[in-house]
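The next block holds one structure in the form of structure tokens; read it before the comments.
Below, read A as the first sequence line, B as the second, and so on, with proteins coming before strands; counting in each chain starts at 1.
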Amino acid sequence: MTVAPEPAGRTAEHLDRGPLSRDELAAVVARDIPRGSFVNLGIGQPTMVADHLPADAGIVLHTENGMLGMGPAAEGDEIDHDLVNAGKIPVTELPGASYFHHADSFAMMRGGHLDVCVLGAFQVSERGDLANWHTGAPGAIPAVGGAMDLAIGAKNVFVMMTLFSRDGTPKLVPECTYPLTGPACVSRLYTDLAVFRIGPEGVTVLETYGTTVKELASRLDVALRTLGGW
Amino acid sequence: MTVAPEPAGRTAEHLDRGPLSRDELAAVVARDIPRGSFVNLGIGQPTMVADHLPADAGIVLHTENGMLGMGPAAEGDEIDHDLVNAGKIPVTELPGASYFHHADSFAMMRGGHLDVCVLGAFQVSERGDLANWHTGAPGAIPAVGGAMDLAIGAKNVFVMMTLFSRDGTPKLVPECTYPLTGPACVSRLYTDLAVFRIGPEGVTVLETYGTTVKELASRLDVALRTLGGW
Amino acid sequence: MTAVFGDADEAVAGIADGSTVLIGGFGMAGMPVQLIDALIRQGATDLTVVSNNAGNGDTGLAALLAAGRVRKVICSFPRQSDSWVFDGLYLAGKIELEVVPQGTLAERMRAAGAGIGAFYCPTGVGTPLAENKETRTIDGRDYVLEYPIKGDVALVGAHIGDRMGNLVYRKTARNFGPVMATAATLTIAQVGRVVETGELDPETVVTPCIYVDRILDLSEAEAAR
Amino acid sequence: MTAVFGDADEAVAGIADGSTVLIGGFGMAGMPVQLIDALIRQGATDLTVVSNNAGNGDTGLAALLAAGRVRKVICSFPRQSDSWVFDGLYLAGKIELEVVPQGTLAERMRAAGAGIGAFYCPTGVGTPLAENKETRTIDGRDYVLEYPIKGDVALVGAHIGDRMGNLVYRKTARNFGPVMATAATLTIAQVGRVVETGELDPETVVTPCIYVDRILDLSEAEAAR
């Protein structure tokens with residue numbers, strides 16, 4: 001499976017749109033998920049991507065706790081405590097769903113059968129290293145869940161995050177300072193200010209939102225490439 | 001699970017019964033399978049043991065090709081080519097049966113969950129080495145099936161065979177000359193002339209049929225122990 | 001042969017101090033709450049608990065932790081919004097924690113049940129969770145060597161059982177139950193109800209009876225109150 | 001997304017020479033006979049076939065062997081009363097054979113599907129089938145290191161499929177199908193009939209649709225004749 005075509009032939013600077021809201025960001029991620037994909041949206045913010053997937057795209061959602069064909073969050077009478085997603089939130093079942101146990105569910109993940117997973121992150125390095133499970137701070141309780149399994153298992157690992165933390169520190173970095181979830185696993189980085197492709201050739205800016213490549217380059221300690229040769 | 005009590009406190013020489021027929025031998029094996037056991041009878045001769053298991057003993061038969069709760073051979077209208085045993089013979093399904101795929105079936109075998117398996121053999125050594133899959137003769141086509149999985153997996157490996165080959169050569173030997181199926185795995189050896197326990201202490205004659213321990217000792221190149229101190 | 005109980009205390013009788021106890025469930029889905037409550041009453045202590053989480057709120061596994069019965073937790077995700085019992089014990093240095101990636105946790109138990117001695121797993125390579133573990137490159141990819149996790153006891157929540165011990169589950173409450181049932185010396189399942197042998201479709205049994213030693217029939221337990 | 005075909009030749013289109021082809025079935029139960037016949041017509045050659053047996057009688061896998069398309073067979077039990085096609089080729093030195101214990105064969109394919117790099121297996125230790133393989137003692141027991149078997153293609157026989165590609169099997173015809181479906185780049189299943197998405201009970205699906213690329217609907221193939 002190849003991921004959707006990249007935006008045009010050159011990096012697009014969208015100066016007419018400010019930094020993306022979480023919901024707008026989720027829509028951009030959704031746009032890039034190919035029709036017919038099998039997708040895991042992890043927990044938290046990435047689950048918002050589901051709301052932007054076209055109903056007719058044939059995209060099937062996997063949840064690590066043993067289900068393919070997961071539907072939207074359950075409401076009211078639909079709530080069934082035996083039917084939850086990876087974040088333990090009650091969800092629904094779509095036609096064509098299936099259930100399986102945890103060893104089978106993670107065999108599916110580890111075995112490279114999922115086309116795309118979307119994860120949050122503390123940091124992503126220019127080599128695609130992912131840090132999203134543990135701050136490493138003294139007293140912090142480590143908890144990994146299925147993050148490492150997704151990081152090494154999905155064919156395409158997309159990350160969704162803000163590009164800078166609240167204090168302005170970049171989260172796209174030369175080298176992660178937080179403990180790694182997986183080395184060289186992120187292929188796409190979706191942020192409020194820009195979308196990046198990460199690969200052996202380095203970090204390529206695909207799109208910017210409310211900013212320019214030049215401005216990003218001045219705020220990041222990472223070499224940025226562009227598409228279309230400028 | 002412990003295997004059924006051993007016959008009395010001393011080795012029994014049944015001189016009133018000649019060498020056992022295959023069917024009589026199957027009955028002796030069946031006698032020693034504890035109530036409630038999960039049992040695999042392999043293919044061929046050992047499957048005759050099933051005919052001698054009491055219906056009320058709660059013994060559940062496993063077949064390597066993915067079933068627990070196998071019933072007797074199918075006859076007439078019962079024959080269903082999707083329901084066969086390890087020997088590809090049509091069989092039936094008992095209440096409480098379940099089906100599973102091959103990796104799960106052999107996980108059950110390899111994981112030590114079966115109480116007893118009964119196998120045929122070319123040779124068994126005095127240490128309990130089993131040779132039953134390959135003569136090693138030039139031109140012979142090797143075929144192992146599930147024999148090695150059963151040999152290392154079942155809690156108790158029972159072997160059923162004639163004690164001597166047609167030309168009079170012993171099949172209970174100091175050292176197998178045929179290629180091994182599994183080392184030191186056989187715990188009980190059921191033959192037409194005697195039943196043996198095999199363990200770290202050596203080979204112990206539990207019962208003889210139509211012969212004596214003394215006579216067996218003269219025909220076998222294996223040190224024989226007896227029960228009851230004689 | 002599987003024994004069916006209507007009384008939770010009888011169902012958990014005999015669990016020894018120092019046991020490794022595998023506890024099913026993902027959050028509350030599939031969590032064998034009645035068996036855990038009975039285990040608390042039963043009194044076994046110095047336990048190692050293997051479960052995906054480390055307890056939610058004040059009931060179930062959290063209550064077992066609060067009772068001081070657990071020496072060590074092996075899990076993938078202890079920290080949750082309502083894991084205050086575990087958090088307090090951990091930060092006070094009163095409980096050991098081994099964090100294992102969720103899929104590796106499941107696979108290590110599968111290995112125990114399937115007689116696999118160890119396996120090379122790609123998950124966690126290059127992270128702190130692979131530190132001090134043996135690694136190997138196979139066909140150009142790096143793997144870490146992982147060993148089985150075997151339980152003395154598994155406590156599992158299922159949907160329906162039959163008298164022989166066959167189990168079916170319901171939706172995502174299936175999760176760890178079928179794997180844990182294969183990985184323990186003594187597997188105890190709580191089920192919503194027990195049906196007669198033959199009532200479950202053999203094609204749909206998820207845990208074959210060979211893996212189930214005891215069943216707690218919650219419908220009977222309820223009726224007995 | 002899974003494609004449903006009514007024509008066996010379309011269902012097997014594009015299988016390349018030199019492919020490793022996993023073929024389900026145990027004896028004739030679960031054997032994907034129509035797909036194998038189509039593969040013979042399709043013409044791919046120099047194949048490595050992984051299957052429990054090496055063909056029975058003159059049809060199916062035996063016919064593929066007889067057509068000279070198979071370079072090597074990896075199986076647990078080639079020799080049977082009616083395996084004369086394989087026997088003849090093998091004794092004439094015209095086909096390679098790798099004999100693998102049946103459970104190891106299944107587990108090696110599971111490992112391929114589950115992303116496991118290799119595993120320590122107790123089966124075959126101390127026998128000729130472990131010769132020249134790496135061994136290790138773990139907790140006092142000896143194991144042999146076994147590697148995954150990955151297929152380029154899997155041909156699987158199932159009972160019913162839905163339009164999305166979910167599969168259920170029937171009785172012991174399930175055997176290798178679910179494992180092989182996970183272990184191949186391209187999985188092609190033949191089914192007795194295809195039902196609309198949503199008609200299979202999600203609790204009873206054995207092979208989730210993610211593992212199935214193409215389905216041959218035999219009821220449609222039959223109707224088209």
Side-chain angles (χ1 to χ4, degrees), chain A residues 43 63-67 70 80-93 97-112 127 129-134 136 138-153 176 178-185, chain C residues 24 26-31 52-54 56 75-81 83 86-87 90-91 97 99-111 113-114 121-130 141-142 157 159 169-183 206-207:
Chain A
I43 59 175
T63 182
E64 66 188 20
N65 50 320
M67 182 187 195
M70 180 174 65
D80 177 338
H81 293 290
D82 283 347
L83 179 47
V84 297
N85 68 10
K88 280 111 183 173
I89 294 166
V91 291
T92 52
E93 166 191 302
S98 54
Y99 296 100
F100 28 83
H101 63 57
H102 248 80
D104 280 350
S105 185
F106 280 80
M108 197 180 280
M109 294 158 73
R110 195 191 307 109
R127 283 188 311 278
D129 296 346
L130 171 66
N132 78 345
W133 73 287
H134 188 27
I141 301 177
V144 68
M148 289 186 183
D149 305 270
L150 284 167
I152 60 90
C176 293
Y178 290 125
L180 289 195
T181 306
C185 58
Chain C
F26 185 86
M28 293 309 289
M31 180 66 67
N52 188 59
N53 303 109
N56 302 75
C75 75
S76 88
F77 209 82
R79 172 172 41 79
Q80 297 190 271
S81 58
S83 61
F86 173 81
D87 298 358
Y90 180 76
L91 295 175
L97 171 64
V99 173
V100 180
Q102 194 171 159
T104 303
L105 188 69
E107 190 70 10
R108 288 174 65 187
M109 289 188 279
R110 181 192 179 271
C121 184
T123 313
V125 169
T127 80
L129 296 187
R141 191 171 193 195
D142 294 334
H159 182 43
Y169 299 80
R170 193 167 168 278
K171 303 190 184 282
T172 58
R174 187 182 302 196
N175 60 67
F176 282 94
V179 183
M180 290 179 169
T182 70
V206 173
T207 294

So which of C/Asn52, C/Thr127, C/Asn53, C/Thr172 has the biggest tally of heavy-atom pairs under 4.5 Å with chain A?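 Going by pairs under 4.5 Å, I would pick C/Thr172.
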Under 4.5 Å, counting heavy-atom pairs only, tell me which of C/Glu107, C/Arg110, C/Met180 racks up the most with chain A.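 Looking at each option in turn, the highest pair count goes to C/Glu107.
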Nearest 0.5 Å please: distance from the [atom1] atom of [X] over to the [atom2] atom of [Y].
X        : Y        : atom1 : atom2 : result
C/Leu97  : A/Ile141 : CG    : CD1   : 8.0 Å
C/Ser76  : A/His102 : OG    : NE2   : 7.0 Å
A/Phe100 : C/Tyr169 : CZ    : OH    : 16.0 Å
C/Lys171 : A/Asp82  : NZ    : CG    : 8.5 Å
A/Asp149 : C/Thr123 : CG    : OG1   : 4.5 Å
C/Asn175 : A/Asp104 : CG    : CG    : 12.5 Å

For a quick test of your reading: what N or O donor-acceptor pairs under 3.5 Å do the side chains of residues 105-112 of chain A make, sequence neighbours left out?
from: A/Ser105; atom 1: OG; to: A/His62; atom 2: NE2; distance (Å): 3.1
from: A/Ser105; atom 1: OG; to: A/Glu64; atom 2: O; distance (Å): 2.7
from: A/Arg110; atom 1: NH1; to: D/Ala114; atom 2: O; distance (Å): 2.9
from: A/Arg110; atom 1: NH2; to: C/Gly103; atom 2: O; distance (Å): 3.1

Specify the closest pair of heavy atoms between [X] and [Y], including all atoms of both residues, with the distance to one decimal.
X        : Y        : value
A/Val84  : C/Ala29  : CG2-CB, 4.2 Å
C/Gln102 : A/Gly146 : NE2-N, 3.3 Å
C/Arg141 : A/Ile152 : NH2-O, 2.9 Å
A/Gly145 : C/Phe77  : N-CD1, 3.3 Å
C/Pro101 : A/Val144 : CA-CG1, 3.6 Å
A/Pro142 : C/Val99  : O-CG2, 3.5 Å

Which region of [X], side chain (C-beta onward) or backbone (N, CA, C, O), has a non-hydrogen atom less than 4.5 Å from a non-hydrogen atom of chain A, or is it both or neither?
X        : answer
C/Asp87  : both
C/Ser83  : neither
C/Asp142 : neither
C/Cys75  : neither
C/Val206 : neither
C/Leu105 : neither

Review point. Side chain, backbone, both or neither: which part of A/His101 has a heavy atom under 4.5 Å from chain C?
Key: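 A/His101 touches chain C through backbone and side-chain heavy atoms alike.
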With a 4.5 angstrom heavy-atom cut-off, could you sort out which part of A/Asn85 is near chain C: side chain, backbone, both or neither?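 Backbone only.
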Check: Centre of C/Phe26's six-membered ring, under 6.0 Å away, within 45 degrees of the axis: is that where NZ or CZ of A/Lys88 sits?
Finding: yes
Less than 4.0 angstrom from a charged side-chain N to a carboxylate O is my criterion; do A/Asp80 and C/Arg170 meet it?
yes
Sorted by chain and residue number, the side-chain hydrogen bond (donor to acceptor under 3.5 Å, both in side chains) partners of A/Asn132 (sequence neighbours excluded) come out as A/Thr181
